[in-house]
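For the single chain, residues carry numbers from 1 onward in sequence order. Just so it is clear, the model here is predicted, and its values are computed rather than measured.
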Amino acid sequence: MGNTKPRTVILVHGAWTDGSCWSSVIAQLNGAAVETTAVQLPLSSLAEDVATVQRAMALEEGPLLLVGHSYGGVVITQAGDDPKIAGLVYVAAFAPDADQSALSLAELLPPSPAASELERDGSGFFKLTRKGILEDFAQDLIIGQKEVMIATQGPISIHALGAPVSSTAWRGRSCWYVLAENDRTIWPALQERMSSHIGAETIRVPAGHVAMLSCPQKVAEVILLATAATLSRKRCEHMPSKGSRP
């Protein structure tokens, strides 16, 4: 890609949210004349979620920047292995290596508070309890925002959370990681471990898990930094041995 800047930013939400979670970030990016596309994942399987992002990528001219939140980091890691993708931004997100899933990464540390508030239905889909959203998933949002998240959260399938990636788009590409220091869904220690493993430029924010809602200006600044950076820098060329895992 040389020094070419991305033409479009594709925003990928995670579990228990939808594309609207990026609304405040989109406003910031549009104000800076950066085009954006926010996908709507079905959250029914990793394969279907990746296909959704790939369809969005196919409609845009490259180069592109992929941004993923939470489980969305797994999706962009798999979907981003495409010549159009110039860089990736992970926002409090899982950043798996080959054969890792969101679930296997989460199990590297003791369960987070949010993990203890998951409810599973008979079809293998998970939702967060009201308490989980109020106290652990979106604890730093105002009550009105929390109530909207409770009402609109979509369940995510075990076929999404438990599916391992076979591609690692962060290899050989510039990467950034927004580390949420007050996260009660994905432990900050795990975020730090993953960001270091993929060789990302890490920016810490004093936020809970949904940092794009509680700190939209800061998240937008990181995305703008990524679009403006020299994309020939090899921020993600760290390639550990097969036995080296976060």
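Distance alone, capped at 3.5 Å, is enough to place a donor-acceptor pair between the Ser112 side chain and the Thr185 backbone. In this structure, Ser157 contributes its side chain and His159 its backbone to a donor-acceptor pair below 3.5 Å. A donor-acceptor contact shorter than 3.5 Å is absent between the side chain of Glu117 and the backbone of Asp136. A donor-acceptor pair is defined here as one N or O able to donate and one able to accept, closer than 3.5 Å; no such pair exists between the side chain of Asp183 and the backbone of Pro188. Side chain of Trp170 to main chain of His197: no donor-acceptor pair is present (N/O by atom type, distance under 3.5 Å, no hydrogens or angles). Of the possible donor and acceptor atoms, one in the side chain of Gln191 sits under 3.5 Å from a partner among the backbone N and O of Ile186.
For the pair Leu29/Ile223, a side-chain contact is recorded, criterion being any heavy-atom separation below 4.5 Å from C-beta on. By the 4.5 Å heavy-atom criterion applied to side chains, Pro113 and Arg184 are counted as neighbours. Side-chain contact check for Glu147 versus Arg130: some heavy-atom pair is nearer than 4.5 Å. With contacts defined as side-chain heavy-atom distances shorter than 4.5 Å, the pair Val67/Val12 does not qualify. No side-chain heavy atom of Leu66 sits under 4.5 Å from any side-chain heavy atom of Val89. Between Val205 and Val219, every side-chain heavy-atom pair lies at or beyond the 4.5 Å cut-off. The side-chain heavy atoms of Met212 and Cys21, taken from C-beta on, include a pair separated by under 4.5 Å. By the 4.5 Å heavy-atom criterion applied to side chains, Thr52 and Pro42 are counted as neighbours.
When hydrophobic clusters are built by joining Ile, Leu, Val, Met, Phe, Trp and Tyr residues whose side-chain heavy atoms come closer than 4.5 Å, directly or via intermediates, Leu134 is not grouped with Val148. Using a 4.5 Å cut-off between side-chain heavy atoms of Ile, Leu, Val, Met, Phe, Trp and Tyr, with links allowed through other members, Phe125 and Leu161 fall into different hydrophobic clusters. In the hydrophobic clustering of this structure, Trp16 groups with Ile143; members are Ile, Leu, Val, Met, Phe, Trp, Tyr whose side-chain heavy atoms approach within less than 4.5 Å, directly or through other members.
Atom OH of Tyr177 and atom CD of Glu201 lie 14.5 Å apart (nearest 0.5 Å). Considering CG of Leu88 and CD1 of Ile198, their distance stands at 7.5 Å, rounded to 0.5 Å. To the nearest 0.5 Å, atoms CG (Leu128) and OG (Ser116) are separated by 10.5 Å. Distance check: Thr227 OG1 to Trp176 CH2 gives 8.5 Å after rounding to the nearest 0.5 Å.
Under the ring-ring contact (aromatic ring centres under 6.0 Å, His included) criterion, the residue pairs touching residues 41-71 are His69-His209, with sequence neighbours excluded.
Residue Glu48 qualifies as enclosed at atom CD: its count of foreign heavy atoms under 6.0 Å is above 12.
Between Asp97 and Arg171 there is a salt bridge, since a side-chain N of the basic residue sits under 4.0 Å from a carboxylate O of the acidic one. Using a 4.0 Å cut-off between charged nitrogen and carboxylate oxygen, Glu135 and Lys146 do not count as a salt-bridge pair. Look at Arg204 and Glu192 and you find a salt bridge, because one of the NZ, NE, NH1 or NH2 atoms lies within 4.0 Å of a carboxylate O, short of that distance. Comment: Lys127 does not engage Glu119 in a salt bridge, judged by the lack of any side-chain N to carboxylate O separation of less than 4.0 angstrom. With respect to the salt-bridge test (charged N to carboxylate O, under 4.0 angstrom), the residues Arg173 and Asp81 qualify.
Looking at every heavy atom in both residues, Ser166 comes nearest to Gln78 through N-OE1, 2.7 Å. Heavy-atom minimum distance, Ile26 versus Ala38: CD1-CB, 4.1 Å. Nearest heavy-atom pair across Val39 and Ala56 is CG1-CB, 3.7 Å. Smallest separation of non-hydrogen atoms from Leu64 and Glu60: CD2-CB, 3.7 Å. Nearest approach of Trp22 to His13, heavy atoms of both residues: NE1-N, 3.5 Å. Here the closest heavy-atom approach between residue Ala207 and residue Ser214 is recorded as CB-OG, 3.5 Å.
Under the 3.5 Å distance criterion, with hydrogens and angles disregarded, no donor-acceptor pair is assigned to the side chains of Thr17 and Gln153. Residues Tyr90 and Thr77 bring a donor and an acceptor atom of their side chains to less than 3.5 Å of each other. Side-chain contact check for Ser104 and Gln100: no donor-acceptor pair (N or O, by modelled atom type) lies under 3.5 Å.
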* Worked check of side chain to side chain contact (heavy atoms under 4.5 Å, CB included) between Thr37 and Thr8 -> CA-CA 7 Å; Thr37 295; Thr8 302; 4.1 Å; yes

